[in-house]
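The basis for the numbers below is simple: all heavy atoms, side chains too, and nothing from hydrogens, waters or symmetry mates.
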Amino acid sequence: MGSASSNDAIRSISNWAIAPAQPRPAGQRKATEEFGSLTFSEEVQRARLPKDVYRALRRAVAQGEPIEANVADIIASALKDWAVEHGATHYTHWFQPLTGITAEKHDSFLSPSADGRAVAEFSGKELVRGEPDASSFPSGGMRSTFEARGYTAWDPTSPPWLLVTGNGVTLVIPTAFVSWTGEALDKKTPLLRSMESLSKQAVRILRLFGSKAQRVTATCGPEQEYFLVDRQFYFARPDLINSGRTLFGARPPKGQEMEDHYFGSIPDRVLAFMMEVERELYKVGVPLKTRHNEVAPGQYEVAPIFENANVATDHQMMTMEMLRRIAPKYGLACLMHEKPFAGVNGSGKHLNWSMADELGNNLLNPGDTPHENIQFLVFCAAVIRAVNKFQGLLRFSIASAGNDHRLGANEAPPAIISIFLGDQLTDIFQQVEKAGSAKTTKSGGILDIGVGVLPKLPRDAGDRNRTSPFAFTGNKFEFRAVSSNQSIALPNVALNLAVTESLDYCATELEKGLKEGKKLQAAVKQLLVKLLKDNKRIIFNGNGYSEEWQKEAAKRGLLNHRTSVDAYGEAMKPDVVKAFETYGVLTEREWHARYEIAVEQYNKTINVEAQLMVLMANRYMLPAGYRYQGELAASVNAVKAAGATSKESRRALDQICRATDECKVRVDQLQALLEHEMNGDAEKHSRYFRDKVVPAMNALRDAGDSLECIVPHDVWPFPTYREMLFIK
């Protein structure tokens, strides 16, 4: 560790070389040809399945029809043949338990035959259902340790794909995960249920407007921010290995204040890594669109285009896994913690969310004249009502110990949930509130840059607002408060459920108006006016970072849960629990389990980080301080013995003595707090961690960072921010 590891890393980085650019080798396919080549895609299904089986599978995907056992057998046989032709020897039911990451158990296709050989077999039963052990995953009390049976259930709406590694190929089958009692033990099951409930209520409204659509799907496109550091730096930091973030680290002379990293030229090694990640994700059908440097040094972003929410959730988990898997090939470590480095921007996962029918219509597309598009206005107003009514649920959905370091800082929206509509929509809804309808739509006009050779650009009707946690961005809403390290499943579920309840309310009101003899236009007018008057407090187009907004939000009665511990209580509010049960997304028991797990994960995260800080300080940092203290003391004594005087060396010795003493005091204080007997419920524990342990951790960090600033580089045991962020 220390300077030796830093020197090794720097030597490795300086010797890094990218091969000169070469034309694509003969035989290597274009990206357009490789896209989806490792997925059991619709094209492959059409080619390999009998027509009636293919149609049955597509109906299951498009309309949610169940798949019969004999049909599953035929699909399984074709899927096995396709996988084996690509070199697969095993298959796995890939699922998303409540750990926040994915899980898999691999089984071989091979079955021994009577003549001592083996054949590849795969039945419909094996495709449809797997049986992993359910006792060792978080269940929030739904399962006792001795109750081990759990089932994985094939999700035909998300295509199977092939995991190709250096030593073989595995067929990956996306699945849901439930207990023997049928209770959801994963993140996918409630997501699929929430999508079903959203579709049902949205279709009710579409029918009133004369649409022939039979199904509506929640769609999303999640952006992913992440950091890259040299792998040797990573292994020299116990905090990065065990917690994903630096628990100590003095701020470097230069951070991000020069604003020279955002959208800058991508370093060669990083670009090579990005390109391989993209190629591998293209093969499994992940539609990545964008790559660029992010704001903080060492920070980057990748973003896909829109997909159905459940497929996008699967693809997002695959993206995170691929980033982590490929980074070591380039001598890098990929960090997805919400705040790996203090003093520079943290990482988010902006969840762009919308709704679309099976005819391809985006229900949140305002069109060229949104003031005349009353169907859009109804759906948009329903979202406004949903966010206002369920702001607590949305805040809970993104709560975590890691996100507490990010929310409210300059790189993330504040903890107050509000909606940014922009000038155009705000003006339209203000017209509707005053007069019952809107007569005009603001136009952005044409932007003349003032240089003859440059084109005149069509200008949007309003600017964007990066401080808003929930912003309308043209034809979708962007939930900006989602954190980089979490699955997007729960924020999706929260949005889907909130909007489902709101669409149900809107559909009921419109149907009631029509039943009373009102024309559709009149019923819509009455509904929109009521929605806007009742829910306009949630709309805010200003600076979410300002102190004025904090005061204004309080006047409006908006929630302001600054920490996750504050937000956890929102989960079990009666209207939230009722909505989950009413729309069949989660039972009260299933939802309470997720609340329990969220609080438990917070407690465990803080406990692990605090224990790590004590270990790092006692075993690495304090010994480094004492070593330097001894060197200075020897120097002072040598100078004195020689008959000379040096006030500054004596002052330096006093300084290091004070710094090490302060650090030791802070370590002992934190250690004493961690020895506290934690009786009572998990939420009580979380308040103790927030109010006692976290402040002690911050105090120890301050002391440790002060020590780092005066201990020589060759003595300090860890790579510094200056090295990790800037040596690439």
- Does the pair Glu338 and Arg245 meet the rule for a salt bridge (charged side-chain N to carboxylate O under 4.0 Å, His left out), with working shown? CA-CA 8 Å; Glu338 295 81 357; Arg245 75 179 183 102; over 6 Å; no
Shortest non-hydrogen separation from [X] to [Y] and the atoms involved:
{"X": "Arg406", "Y": "Gly348", "value": "NH2-CA, 3.3 Å"}
{"X": "Ala610", "Y": "Val693", "value": "CB-CG1, 3.9 Å"}
{"X": "Leu163", "Y": "Arg325", "value": "CD1-NH1, 3.4 Å"}
{"X": "Gly392", "Y": "Glu570", "value": "O-CB, 3.4 Å"}
{"X": "Pro156", "Y": "Val61", "value": "O-CG2, 3.3 Å"}
{"X": "Ile326", "Y": "Val277", "value": "CD1-CA, 3.8 Å"}

Side-chain ([X]) to main-chain ([Y]) donor-acceptor, under 3.5 angstrom:
{"X": "Asn352", "Y": "Glu478", "value": "no"}
{"X": "Arg395", "Y": "His561", "value": "yes"}
{"X": "Asp186", "Y": "Ala176", "value": "no"}
{"X": "Thr92", "Y": "Lys105", "value": "yes"}
{"X": "Ser502", "Y": "Ala382", "value": "yes"}
{"X": "Asn403", "Y": "Ile398", "value": "yes"}
{"X": "Thr39", "Y": "Gly36", "value": "yes"}
{"X": "Ser199", "Y": "Val216", "value": "yes"}
{"X": "Thr582", "Y": "Lys578", "value": "yes"}
{"X": "Asn242", "Y": "Pro238", "value": "yes"}

Find out whether [X] and [Y] are in side-chain contact, i.e. whether some heavy atom of one side chain is under 4.5 Å from a heavy atom of the other.
{"X": "Thr189", "Y": "Val178", "result": "yes"}
{"X": "His90", "Y": "Leu171", "result": "no"}
{"X": "Leu198", "Y": "Tyr583", "result": "no"}
{"X": "Met697", "Y": "Leu612", "result": "no"}
{"X": "Arg193", "Y": "Glu590", "result": "yes"}
{"X": "Ser197", "Y": "Val585", "result": "yes"}
{"X": "Pro304", "Y": "Lys289", "result": "no"}
{"X": "Met317", "Y": "Trp94", "result": "yes"}

For [Y] together with [X], are the ring centres under 6.0 Å from each other?
{"X": "Tyr91", "Y": "Phe109", "result": "yes"}
{"X": "Tyr688", "Y": "His685", "result": "no"}
{"X": "Tyr151", "Y": "Trp180", "result": "no"}

- Is there a side-chain contact (heavy atoms from CB on, under 4.5 Å) between Leu38 and His86 once you walk through the steps? CA-CA 8 Å; Leu38 297 181; His86 283 79; 4.2 Å; yes
- Item | Stepwise side-chain contact (heavy atoms from CB on, under 4.5 Å) check, Leu332 with Tyr234 | CA-CA 8 Å; Leu332 299 167; Tyr234 173 80; over 6 Å; no
Residues [X] and [Y]: side-chain donor-acceptor under 3.5 angstrom:
{"X": "Thr181", "Y": "Glu183", "value": "yes"}
{"X": "Ser483", "Y": "Gln486", "value": "yes"}
{"X": "Tyr505", "Y": "Gln201", "value": "no"}
{"X": "Asp404", "Y": "Thr563", "value": "no"}
{"X": "His315", "Y": "Glu307", "value": "yes"}

Below 3.5 Å, can you tabulate the donor-acceptor pairs from side chains in residues 63-75 to any protein atom, sequence neighbours excluded?
| from | atom 1 | to | atom 2 | distance (Å) |
| --- | --- | --- | --- | --- |
| Glu65 | OE1 | Arg59 | NE | 3.1 |
| Asp73 | OD1 | Gly124 | N | 2.7 |

- Step-by-step side-chain contact (heavy atoms from CB on, under 4.5 Å) determination, Leu495 to Phe477: CA-CA 11 Å; Leu495 272 172; Phe477 282 96; over 6 Å; no
- Worked verdict on Glu121 versus Lys80 for salt bridge (charged side-chain N to carboxylate O under 4.0 Å, His left out): CA-CA 7 Å; Glu121 294 182 344; Lys80 179 260 298 179; over 6 Å; no
- Option passing side chain to side chain donor-acceptor pair (under 3.5 Å) with Lys188 (candidates Thr313, Asp314, Thr152): Asp314
Is the shortest distance from a Lys or Arg side-chain nitrogen in [X] or [Y] to a carboxylate oxygen in the other one below 4.0 Å?
{"X": "Glu280", "Y": "Lys283", "result": "yes"}
{"X": "Lys349", "Y": "Glu225", "result": "no"}
{"X": "Arg690", "Y": "Asp566", "result": "yes"}

- Task: Could you grab the distance from atom CD1 of Ile173 to atom OG1 of Thr175, nearest 0.5 Å is fine?
- Result: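 That separation rounds to 8.5 Å.
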- Message: Before you tell me yes or no, could you show the steps for Leu79 and Leu127 under side-chain contact (heavy atoms from CB on, under 4.5 Å), namely the whole-Å CA-CA distance, both residues' side-chain angles and the distance that decides it to 0.1 Å?
- Response: CA-CA 9 Å; Leu79 183 57; Leu127 167 63; 3.8 Å; yes
- Determine the interplanar angle of the His405 and His337 rings, folded into 0 to 90°, and report it as parallel if under 30°, tilted if 30 to 60°, perpendicular if over 60°. tilted
- Message: Test side-chain hydrogen bond (donor to acceptor under 3.5 Å, both in side chains) on Asn308 and Thr219; report intermediate values, then the result.
- Response: CA-CA 4 Å; Asn308 288 355; Thr219 60; over 6 Å; no
- With side-chain hydrogen bond (donor to acceptor under 3.5 Å, both in side chains) as the test, would you mind laying out the steps for Glu301 and Gln224 before giving the verdict? CA-CA 5 Å; Glu301 181 177 302; Gln224 175 70 60; over 6 Å; no
- Task: Give the C-alpha distance, both sets of side-chain angles, the deciding distance and a yes or no for ring pair (Phe, Tyr, Trp, His ring centres under 6.0 Å) between Trp82 and Phe40.
- Result: CA-CA 8 Å; Trp82 171 77; Phe40 195 65; 5.5 Å; yes
- Could you walk me through whether Glu85 and Arg48 pass the salt bridge (charged side-chain N to carboxylate O under 4.0 Å, His left out) test, one step at a time? CA-CA 13 Å; Glu85 288 172 16; Arg48 289 180 172 267; 2.4 Å; yes
- Exactly one candidate in Tyr602, Phe390, Trp591 meets ring pair (Phe, Tyr, Trp, His ring centres under 6.0 Å) with Phe396; the answer is Trp591
- Task: Could you please spell out the steps behind the salt bridge (charged side-chain N to carboxylate O under 4.0 Å, His left out) verdict for Glu196 and Lys200?
- Result: CA-CA 6 Å; Glu196 290 284 345; Lys200 180 179 179 181; over 6 Å; no
